Amino acid sequence: MKQPKKRRFQLNERQLGYAMVAPSIILIAVIIIWPILLSAWNSLFDYRLNDPSKAERITSLSINLETYADNRYLVYDTMEDVRDTMPQAESTLANITSALDEQHETLLKTDEGLADRYEEVNTMLENYQPVNDDDLRLTEIPEAWTDGFTATLDEQTAAVQTLREDAPEGAIQPLTDLESQLSNTKNAVLEPNFVGVNNYTQYLANGRTWTAMLNTLLFTVVTVGVELAVGMLVALLINRVFIGRGLVRAAVLVPWAIPTAVAAMMWTFLFDGQSGIMAHYMAQLGIIDDPGVLLSTGAGGMFSVMFADIWKTTPYMALLLLAGLQTIPRSMYEAAAVDGANKFQQFFSITLPMIRSAILVAVLFRALDAFRVFDLIYVLTGGGPANSTESISVYAYKLLFEQQNFGAGSALSVIVFLSVALLSTIFIKLIGSDLFSGRLKQ
(Lines give C-alpha, C1' and ligand atoms only; values in the text may rest on other atoms or scores of the structure.)
Protein backbone atom coordinates (compact mmCIF):
# COMPACT_ATOMS: atom_id res chain seq x y z
CA MET A 1 0.00 0.00 0.00
CA LYS A 2 1.41 3.36 -1.04
CA GLN A 3 2.06 5.89 1.65
CA PRO A 4 0.23 9.20 1.01
CA LYS A 5 2.55 11.97 -0.10
CA LYS A 6 3.30 14.62 2.44
CA ARG A 7 2.05 18.04 1.52
CA ARG A 8 4.75 20.60 1.06
CA PHE A 9 4.74 23.59 3.35
CA GLN A 10 2.62 26.29 1.78
CA LEU A 11 1.68 29.75 2.96
CA ASN A 12 -1.89 30.87 2.88
CA GLU A 13 -2.86 34.12 1.23
CA ARG A 14 -2.51 36.26 4.34
CA GLN A 15 0.83 34.75 5.36
CA LEU A 16 2.12 35.22 1.82
CA GLY A 17 1.10 38.87 1.97
CA TYR A 18 3.00 39.38 5.22
CA ALA A 19 6.02 37.58 3.78
CA MET A 20 6.00 39.88 0.75
CA VAL A 21 5.97 43.08 2.79
CA ALA A 22 8.33 41.82 5.53
CA PRO A 23 11.54 43.08 3.83
CA SER A 24 10.03 46.56 3.47
CA ILE A 25 8.90 46.56 7.10
CA ILE A 26 12.37 45.51 8.27
CA LEU A 27 13.99 48.19 6.11
CA ILE A 28 11.64 50.87 7.47
CA ALA A 29 12.31 49.72 11.04
CA VAL A 30 16.09 49.90 10.59
CA ILE A 31 16.31 53.14 8.60
CA ILE A 32 13.40 55.17 10.01
CA ILE A 33 11.97 53.79 13.25
CA TRP A 34 15.25 52.95 14.99
CA PRO A 35 16.79 56.47 14.53
CA ILE A 36 13.53 58.01 15.79
CA LEU A 37 13.54 55.80 18.89
CA LEU A 38 17.23 56.59 19.49
CA SER A 39 16.53 60.32 19.20
CA ALA A 40 13.65 59.96 21.65
CA TRP A 41 15.95 58.15 24.10
CA ASN A 42 18.72 60.78 23.72
CA SER A 43 16.19 63.56 24.30
CA LEU A 44 15.61 62.29 27.85
CA PHE A 45 19.20 63.16 28.86
CA ASP A 46 21.25 66.32 29.26
CA TYR A 47 23.64 64.81 26.72
CA ARG A 48 26.47 67.13 25.55
CA LEU A 49 29.55 65.96 23.68
CA ASN A 50 31.37 69.22 24.44
CA ASP A 51 31.12 68.59 28.20
CA PRO A 52 33.17 65.61 29.44
CA SER A 53 30.92 65.16 32.47
CA LYS A 54 27.83 64.87 30.23
CA ALA A 55 29.27 63.06 27.23
CA GLU A 56 27.57 59.82 28.30
CA ARG A 57 23.95 58.85 28.91
CA ILE A 58 24.14 58.22 32.66
CA THR A 59 21.14 57.16 34.72
CA SER A 60 22.97 56.77 38.06
CA LEU A 61 26.09 58.10 39.76
CA SER A 62 29.01 56.35 38.03
CA ILE A 63 32.74 56.47 37.45
CA ASN A 64 34.52 56.19 34.13
CA LEU A 65 37.34 53.76 34.87
CA GLU A 66 39.14 54.67 31.66
CA THR A 67 39.31 58.37 32.57
CA TYR A 68 40.10 57.55 36.20
CA ALA A 69 42.94 55.16 35.41
CA ASP A 70 44.42 57.47 32.77
CA ASN A 71 44.44 60.52 35.03
CA ARG A 72 45.69 58.50 37.99
CA TYR A 73 48.72 57.41 35.95
CA LEU A 74 49.38 60.99 34.81
CA VAL A 75 49.17 62.32 38.37
CA TYR A 76 51.71 59.81 39.70
CA ASP A 77 54.00 60.30 36.70
CA THR A 78 53.94 64.10 37.07
CA MET A 79 54.68 63.84 40.80
CA GLU A 80 57.97 62.15 39.86
CA ASP A 81 58.83 65.17 37.70
CA VAL A 82 58.05 67.46 40.63
CA ARG A 83 60.32 65.41 42.93
CA ASP A 84 63.18 65.75 40.45
CA THR A 85 62.84 69.55 40.18
CA MET A 86 61.72 70.34 43.74
CA PRO A 87 63.04 67.86 46.37
CA GLN A 88 61.70 69.98 49.25
CA ALA A 89 58.14 69.14 48.14
CA GLU A 90 58.58 65.46 49.13
CA SER A 91 56.43 65.78 52.24
CA THR A 92 53.50 67.35 50.36
CA LEU A 93 53.79 64.82 47.54
CA ALA A 94 53.80 61.96 50.04
CA ASN A 95 50.57 63.31 51.56
CA ILE A 96 48.99 63.53 48.10
CA THR A 97 50.05 59.94 47.32
CA SER A 98 48.70 58.67 50.63
CA ALA A 99 45.37 60.46 50.23
CA LEU A 100 44.88 59.25 46.64
CA ASP A 101 45.87 55.67 47.55
CA GLU A 102 43.38 55.67 50.41
CA GLN A 103 40.55 56.83 48.12
CA HIS A 104 41.61 54.29 45.49
CA GLU A 105 41.51 51.37 47.94
CA THR A 106 38.12 52.49 49.21
CA LEU A 107 36.81 52.66 45.62
CA LEU A 108 37.93 49.11 44.81
CA LYS A 109 36.07 47.82 47.87
CA THR A 110 32.76 49.45 46.88
CA ASP A 111 31.90 46.69 44.41
CA GLU A 112 32.92 43.05 44.14
CA GLY A 113 35.06 42.48 41.09
CA LEU A 114 35.82 46.18 40.61
CA ALA A 115 39.52 45.63 41.32
CA ASP A 116 39.76 43.09 38.50
CA ARG A 117 37.90 45.38 36.10
CA TYR A 118 40.16 48.28 37.00
CA GLU A 119 43.24 46.18 36.33
CA GLU A 120 41.83 45.09 32.98
CA VAL A 121 41.14 48.70 31.98
CA ASN A 122 44.58 49.78 33.17
CA THR A 123 46.23 47.00 31.16
CA MET A 124 44.33 48.01 28.02
CA LEU A 125 45.48 51.63 28.45
CA GLU A 126 49.08 50.52 28.90
CA ASN A 127 48.77 48.66 25.60
CA TYR A 128 47.18 51.71 23.93
CA GLN A 129 43.86 49.92 23.43
CA PRO A 130 40.56 51.83 23.54
CA VAL A 131 38.02 50.71 26.13
CA ASN A 132 34.82 50.44 24.09
CA ASP A 133 32.87 48.15 26.40
CA ASP A 134 30.59 50.37 28.50
CA ASP A 135 29.93 47.55 30.97
CA LEU A 136 33.66 47.39 31.64
CA ARG A 137 34.34 51.10 31.50
CA LEU A 138 31.45 52.42 33.59
CA THR A 139 30.43 51.34 37.08
CA GLU A 140 28.06 52.70 39.69
CA ILE A 141 29.58 54.24 42.80
CA PRO A 142 28.13 55.30 46.18
CA GLU A 143 27.55 58.99 46.79
CA ALA A 144 29.55 58.88 50.05
CA TRP A 145 32.72 57.84 48.23
CA THR A 146 32.16 60.49 45.56
CA ASP A 147 31.92 63.25 48.17
CA GLY A 148 35.12 62.10 49.88
CA PHE A 149 36.95 61.67 46.58
CA THR A 150 36.03 65.15 45.36
CA ALA A 151 36.97 66.73 48.70
CA THR A 152 40.34 64.93 48.66
CA LEU A 153 41.13 66.15 45.16
CA ASP A 154 40.21 69.72 46.11
CA GLU A 155 42.46 69.57 49.20
CA GLN A 156 45.42 68.19 47.26
CA THR A 157 44.92 70.71 44.44
CA ALA A 158 45.09 73.49 47.04
CA ALA A 159 48.28 71.95 48.44
CA VAL A 160 49.89 71.99 44.99
CA GLN A 161 48.86 75.63 44.55
CA THR A 162 50.65 76.43 47.79
CA LEU A 163 53.80 74.70 46.54
CA ARG A 164 53.78 76.84 43.40
CA GLU A 165 54.10 80.04 45.45
CA ASP A 166 57.72 79.24 46.50
CA ALA A 167 58.65 76.86 43.68
CA PRO A 168 61.82 77.32 41.64
CA GLU A 169 61.39 78.18 37.99
CA GLY A 170 62.02 74.63 36.79
CA ALA A 171 59.26 73.21 38.99
CA ILE A 172 56.50 75.64 37.99
CA GLN A 173 55.46 73.78 34.86
CA PRO A 174 55.35 70.29 36.49
CA LEU A 175 53.34 71.74 39.38
CA THR A 176 50.95 73.44 36.93
CA ASP A 177 50.50 70.12 35.12
CA LEU A 178 49.91 68.30 38.42
CA GLU A 179 47.29 70.83 39.49
CA SER A 180 45.49 70.46 36.18
CA GLN A 181 45.59 66.65 36.32
CA LEU A 182 44.21 66.52 39.85
CA SER A 183 41.38 68.78 38.77
CA ASN A 184 40.72 66.70 35.63
CA THR A 185 40.55 63.50 37.66
CA LYS A 186 37.19 64.71 39.00
CA ASN A 187 35.83 64.35 35.45
CA ALA A 188 35.98 60.58 35.95
CA VAL A 189 32.94 60.90 38.21
CA LEU A 190 29.79 61.07 36.07
CA GLU A 191 26.71 62.63 37.58
CA PRO A 192 23.33 61.28 36.41
CA ASN A 193 22.14 63.37 33.47
CA PHE A 194 18.71 61.80 32.99
CA VAL A 195 16.27 64.73 32.84
CA GLY A 196 13.12 63.07 31.51
CA VAL A 197 10.94 65.50 29.55
CA ASN A 198 12.89 68.51 30.79
CA ASN A 199 14.36 69.20 27.34
CA TYR A 200 10.88 69.30 25.84
CA THR A 201 9.45 71.65 28.47
CA GLN A 202 12.51 73.90 28.28
CA TYR A 203 12.54 74.28 24.51
CA LEU A 204 8.77 74.42 24.11
CA ALA A 205 8.89 77.42 26.45
CA ASN A 206 11.77 78.94 24.47
CA GLY A 207 10.86 81.88 22.23
CA ARG A 208 13.47 80.90 19.64
CA THR A 209 11.78 77.51 19.18
CA TRP A 210 8.43 79.13 18.43
CA THR A 211 10.04 81.68 16.13
CA ALA A 212 11.64 78.83 14.18
CA MET A 213 8.32 76.99 14.11
CA LEU A 214 6.47 80.08 12.82
CA ASN A 215 9.17 80.62 10.18
CA THR A 216 8.71 77.00 9.11
CA LEU A 217 4.92 77.30 8.91
CA LEU A 218 5.15 80.58 6.96
CA PHE A 219 7.66 79.06 4.56
CA THR A 220 5.48 75.96 4.10
CA VAL A 221 2.19 77.78 3.48
CA VAL A 222 3.59 80.39 1.09
CA THR A 223 5.85 78.13 -0.96
CA VAL A 224 3.36 75.28 -1.31
CA GLY A 225 0.55 77.71 -2.22
CA VAL A 226 2.58 79.50 -4.88
CA GLU A 227 4.02 76.25 -6.22
CA LEU A 228 0.52 74.80 -6.56
CA ALA A 229 -0.73 77.82 -8.53
CA VAL A 230 2.34 78.17 -10.75
CA GLY A 231 2.72 74.41 -11.09
CA MET A 232 -0.88 74.16 -12.31
CA LEU A 233 -0.22 76.76 -14.99
CA VAL A 234 2.94 74.99 -16.09
CA ALA A 235 1.20 71.60 -16.12
CA LEU A 236 -1.66 72.97 -18.24
CA LEU A 237 0.86 74.47 -20.65
CA ILE A 238 3.01 71.39 -21.16
CA ASN A 239 -0.10 69.18 -21.36
CA ARG A 240 -1.10 70.90 -24.60
CA VAL A 241 0.09 69.64 -27.97
CA PHE A 242 2.60 71.96 -29.67
CA ILE A 243 5.85 71.74 -31.56
CA GLY A 244 8.80 71.17 -29.23
CA ARG A 245 6.67 70.02 -26.29
CA GLY A 246 9.19 67.32 -25.32
CA LEU A 247 12.02 69.85 -25.18
CA VAL A 248 9.94 72.25 -23.07
CA ARG A 249 9.02 69.48 -20.64
CA ALA A 250 12.68 68.54 -20.23
CA ALA A 251 13.70 72.20 -19.74
CA VAL A 252 11.02 72.74 -17.10
CA LEU A 253 12.45 69.90 -15.00
CA VAL A 254 16.01 71.29 -14.98
CA PRO A 255 15.64 73.32 -11.72
CA TRP A 256 14.26 70.29 -9.91
CA ALA A 257 17.18 68.15 -11.09
CA ILE A 258 19.79 70.51 -9.61
CA PRO A 259 20.90 69.44 -6.08
CA THR A 260 19.38 71.73 -3.44
CA ALA A 261 22.73 72.74 -1.91
CA VAL A 262 24.08 73.68 -5.35
CA ALA A 263 20.95 75.67 -6.17
CA ALA A 264 21.13 77.47 -2.82
CA MET A 265 24.75 78.42 -3.40
CA MET A 266 23.84 79.71 -6.88
CA TRP A 267 21.05 81.88 -5.45
CA THR A 268 23.44 83.19 -2.80
CA PHE A 269 25.50 84.76 -5.60
CA LEU A 270 22.40 85.97 -7.47
CA PHE A 271 20.96 87.67 -4.37
CA ASP A 272 24.27 89.17 -3.24
CA GLY A 273 23.94 92.90 -2.60
CA GLN A 274 27.26 93.78 -4.22
CA SER A 275 27.38 91.65 -7.37
CA GLY A 276 24.12 89.70 -7.52
CA ILE A 277 22.28 90.01 -10.85
CA MET A 278 18.85 89.27 -9.36
CA ALA A 279 19.35 91.79 -6.57
CA HIS A 280 20.50 94.43 -9.07
CA TYR A 281 17.55 94.07 -11.45
CA MET A 282 15.00 93.83 -8.63
CA ALA A 283 16.29 97.16 -7.37
CA GLN A 284 16.21 98.60 -10.90
CA LEU A 285 12.57 97.52 -11.32
CA GLY A 286 11.60 99.00 -7.96
CA ILE A 287 10.72 95.67 -6.36
CA ILE A 288 13.20 96.33 -3.55
CA ASP A 289 14.71 99.59 -2.32
CA ASP A 290 18.30 98.43 -2.18
CA PRO A 291 20.11 95.32 -3.54
CA GLY A 292 21.56 94.59 -0.11
CA VAL A 293 18.22 94.01 1.62
CA LEU A 294 17.70 90.50 0.20
CA LEU A 295 20.25 88.80 2.40
CA SER A 296 20.76 91.39 5.14
CA THR A 297 17.21 91.86 6.44
CA GLY A 298 14.69 89.44 7.89
CA ALA A 299 11.99 90.08 5.31
CA GLY A 300 14.52 90.02 2.46
CA GLY A 301 16.04 86.77 3.70
CA MET A 302 12.65 85.06 3.98
CA PHE A 303 11.70 86.28 0.49
CA SER A 304 15.00 84.93 -0.86
CA VAL A 305 14.60 81.41 0.53
CA MET A 306 10.95 81.28 -0.58
CA PHE A 307 11.80 82.49 -4.09
CA ALA A 308 14.62 79.96 -4.42
CA ASP A 309 12.42 77.10 -3.18
CA ILE A 310 9.56 78.05 -5.52
CA TRP A 311 11.97 78.19 -8.48
CA LYS A 312 13.42 74.79 -7.66
CA THR A 313 10.34 72.82 -6.58
CA THR A 314 7.59 74.14 -8.86
CA PRO A 315 8.65 71.64 -11.59
CA TYR A 316 8.05 68.78 -9.13
CA MET A 317 4.54 70.08 -8.43
CA ALA A 318 3.92 70.54 -12.16
CA LEU A 319 5.08 66.97 -12.84
CA LEU A 320 2.62 65.51 -10.33
CA LEU A 321 -0.23 67.63 -11.68
CA LEU A 322 0.68 66.73 -15.27
CA ALA A 323 0.31 63.06 -14.35
CA GLY A 324 -3.23 63.81 -13.21
CA LEU A 325 -4.04 65.80 -16.35
CA GLN A 326 -2.91 62.90 -18.53
CA THR A 327 -5.71 60.73 -17.09
CA ILE A 328 -8.53 63.05 -18.26
CA PRO A 329 -10.13 61.80 -21.54
CA ARG A 330 -10.12 64.40 -24.33
CA SER A 331 -13.71 63.43 -25.12
CA MET A 332 -14.90 65.15 -21.94
CA TYR A 333 -13.55 68.51 -23.13
CA GLU A 334 -15.01 67.96 -26.59
CA ALA A 335 -18.43 67.21 -25.11
CA ALA A 336 -18.22 70.30 -22.88
CA ALA A 337 -17.26 72.47 -25.86
CA VAL A 338 -20.28 71.16 -27.79
CA ASP A 339 -22.47 72.12 -24.82
CA GLY A 340 -21.06 75.66 -25.04
CA ALA A 341 -18.69 75.62 -22.02
CA ASN A 342 -15.74 78.01 -22.33
CA LYS A 343 -12.19 77.27 -21.18
CA PHE A 344 -12.73 78.59 -17.65
CA GLN A 345 -15.90 76.57 -17.21
CA GLN A 346 -14.11 73.45 -18.49
CA PHE A 347 -11.27 74.04 -16.05
CA PHE A 348 -13.49 74.39 -12.97
CA SER A 349 -16.06 71.77 -13.98
CA ILE A 350 -13.82 69.09 -15.51
CA THR A 351 -10.11 69.64 -14.85
CA LEU A 352 -10.13 70.46 -11.13
CA PRO A 353 -12.58 67.70 -10.09
CA MET A 354 -10.80 65.10 -12.22
CA ILE A 355 -7.31 65.85 -10.85
CA ARG A 356 -8.40 66.39 -7.25
CA SER A 357 -6.56 63.25 -6.13
CA ALA A 358 -3.36 64.38 -7.88
CA ILE A 359 -3.64 67.82 -6.23
CA LEU A 360 -4.11 66.29 -2.78
CA VAL A 361 -1.09 64.00 -3.20
CA ALA A 362 1.08 66.81 -4.60
CA VAL A 363 0.16 69.25 -1.82
CA LEU A 364 0.66 66.62 0.89
CA PHE A 365 4.09 65.58 -0.37
CA ARG A 366 5.25 69.15 -0.84
CA ALA A 367 3.88 70.34 2.52
CA LEU A 368 5.70 67.57 4.38
CA ASP A 369 8.89 68.24 2.44
CA ALA A 370 8.67 72.02 2.96
CA PHE A 371 8.05 71.65 6.68
CA ARG A 372 11.32 69.72 7.00
CA VAL A 373 13.30 72.26 4.96
CA PHE A 374 16.95 72.41 5.97
CA ASP A 375 19.59 72.43 3.23
CA LEU A 376 18.19 75.36 1.24
CA ILE A 377 17.97 77.69 4.25
CA TYR A 378 21.22 76.50 5.81
CA VAL A 379 23.26 77.14 2.66
CA LEU A 380 21.46 80.30 1.50
CA THR A 381 21.07 82.28 4.74
CA GLY A 382 22.27 80.01 7.54
CA GLY A 383 19.04 80.87 9.35
CA GLY A 384 19.95 84.56 9.51
CA PRO A 385 19.97 87.41 9.71
CA ALA A 386 19.31 87.23 13.47
CA ASN A 387 17.53 83.86 13.12
CA SER A 388 14.79 85.47 11.02
CA THR A 389 14.85 82.65 8.44
CA GLU A 390 15.75 79.84 10.83
CA SER A 391 13.52 76.79 10.42
CA ILE A 392 12.93 74.24 13.15
CA SER A 393 15.18 71.74 11.33
CA VAL A 394 18.02 74.28 11.08
CA TYR A 395 17.66 75.08 14.79
CA ALA A 396 17.79 71.36 15.65
CA TYR A 397 20.93 70.96 13.49
CA LYS A 398 22.67 73.84 15.25
CA LEU A 399 21.95 72.34 18.66
CA LEU A 400 22.97 68.84 17.58
CA PHE A 401 26.13 69.44 15.58
CA GLU A 402 27.33 73.00 16.15
CA GLN A 403 26.69 73.12 19.91
CA GLN A 404 26.92 69.30 20.25
CA ASN A 405 23.94 69.35 22.60
CA PHE A 406 22.54 65.95 21.64
CA GLY A 407 19.84 65.97 24.30
CA ALA A 408 18.20 69.23 23.28
CA GLY A 409 18.83 68.65 19.58
CA SER A 410 17.22 65.22 19.77
CA ALA A 411 14.22 66.74 21.56
CA LEU A 412 13.76 69.22 18.72
CA SER A 413 14.18 66.42 16.18
CA VAL A 414 11.39 64.48 17.87
CA ILE A 415 9.25 67.64 17.88
CA VAL A 416 9.83 67.98 14.11
CA PHE A 417 8.83 64.34 13.60
CA LEU A 418 5.68 64.70 15.70
CA SER A 419 4.78 67.94 13.90
CA VAL A 420 5.14 66.29 10.49
CA ALA A 421 3.10 63.29 11.66
CA LEU A 422 0.40 65.60 13.03
CA LEU A 423 0.40 67.69 9.85
CA SER A 424 -0.01 64.64 7.63
CA THR A 425 -2.75 63.20 9.87
CA ILE A 426 -4.74 66.43 9.88
CA PHE A 427 -4.30 66.82 6.13
CA ILE A 428 -5.52 63.32 5.37
CA LYS A 429 -8.43 63.51 7.85
CA LEU A 430 -9.71 66.94 6.84
CA ILE A 431 -8.82 67.13 3.16
CA GLY A 432 -7.90 63.75 1.79
CA SER A 433 -10.19 61.38 3.70
CA ASP A 434 -12.10 60.53 0.53
CA LEU A 435 -9.02 60.24 -1.65
CA PHE A 436 -9.66 56.58 -2.34
CA SER A 437 -13.31 56.47 -1.31
CA GLY A 438 -14.53 55.83 -4.83
CA ARG A 439 -12.24 52.84 -5.23
CA LEU A 440 -13.20 51.40 -1.88
CA LYS A 441 -16.92 51.60 -2.71
CA GLN A 442 -16.34 49.69 -5.88
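Model, not experiment: these values are computed from the prediction.
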**OP:** Give the intermediate values and the outcome of side-chain hydrogen bond (donor to acceptor under 3.5 Å, both in side chains) for residues Thr381 and Thr389.
**Re:** CA-CA 7 Å; Thr381 65; Thr389 62; 2.7 Å; yes

Original post:
Which atom pair, heavy atoms only, marks the closest approach of Ile350 to Met332?
Top reply: CD1-O, 3.6 Å

Original post:
So, Tyr395 and Asn215: side-chain donor and acceptor under 3.5 Å apart, yes or no?
Top reply: no

**OP:** Could you tell me whether the side chains of Gln173 and Asp177 share a donor-acceptor contact shorter than 3.5 Å?
**Re:** yes

Look only at the side chain of [X] and the backbone of [Y], and say whether a donor-acceptor pair between them is shorter than 3.5 Å.
X      : Y      : answer
Ser393 : Phe374 : no
Ser304 : Leu295 : no
Ser388 : Pro385 : yes
Asn239 : Leu322 : no
Asp77  : Tyr73  : no
Thr314 : Ile310 : yes
Asn387 : Ala212 : no
Ser349 : Gln346 : no
Asn71  : Thr67  : yes
Asp111 : Leu114 : no

Separation of [Y] [atom2] from [X] [atom1] (nearest 0.5 Å):
X      : Y      : atom1 : atom2 : answer
Leu380 : Phe307 : CG    : CZ    : 12.0 Å
Ser391 : Phe219 : OG    : CZ    : 8.0 Å
Ile392 : Leu214 : CD1   : CG    : 10.0 Å
Lys54  : Gln404 : NZ    : CD    : 14.5 Å
Gln181 : Leu153 : CD    : CG    : 12.0 Å
Ile288 : Met282 : CD1   : CE    : 6.5 Å

**OP:** Check the pair Met278, Leu294 against side chain to side chain contact (heavy atoms under 4.5 Å, CB included), reporting the backbone distance first and the verdict last.
**Re:** CA-CA 10 Å; Met278 286 291 295; Leu294 288 178; 5.5 Å; no

**OP:** Using the side chain to side chain contact (heavy atoms under 4.5 Å, CB included) rule, take Met124 and Leu136 through it: C-alpha gap first, then chi angles, then the decisive distance, then the call.
**Re:** CA-CA 11 Å; Met124 292 178 68; Leu136 174 64; 4.0 Å; yes

Original post:
Would you find more than 12 non-hydrogen atoms of other residues, nucleotides or ligands less than 6.0 Å from Phe347 atom CZ?
Top reply: yes

Subject >> Over 12 non-hydrogen atoms of neighbours within 6.0 angstrom of CD in Gln129 >> reply: yes

Original post:
Between Leu418 and Val414, is a side chain to side chain contact (heavy atoms under 4.5 Å, CB included) present by the stated rule, with each step listed?
Top reply: CA-CA 6 Å; Leu418 294 177; Val414 172; 4.0 Å; yes

Original post:
Knowing that exactly one of Asp46, Asn50, Asp51 qualifies, which makes a side-chain hydrogen bond (donor to acceptor under 3.5 Å, both in side chains) with Arg48?
Top reply: Asp46

**OP:** Kindly indicate, with the supporting measurements, whether the criterion salt bridge (charged side-chain N to carboxylate O under 4.0 Å, His left out) is fulfilled by Asp309 and Arg366.
**Re:** CA-CA 11 Å; Asp309 186 76; Arg366 272 302 302 136; 3.0 Å; yes

Original post:
Passes side chain to side chain contact (heavy atoms under 4.5 Å, CB included), Trp145 versus Gln103? Steps please.
Top reply: CA-CA 8 Å; Trp145 180 85; Gln103 289 296 326; 3.4 Å; yes

Subject >> Ring geometry between His104 and Tyr68 (parallel below 30°, tilted from 30 to 60°, perpendicular above 60°) >> reply: parallel

Subject >> NZ/NE/NH1/NH2 to OD/OE distance under 4.0 Å, Asp134 and Arg57 >> reply: no

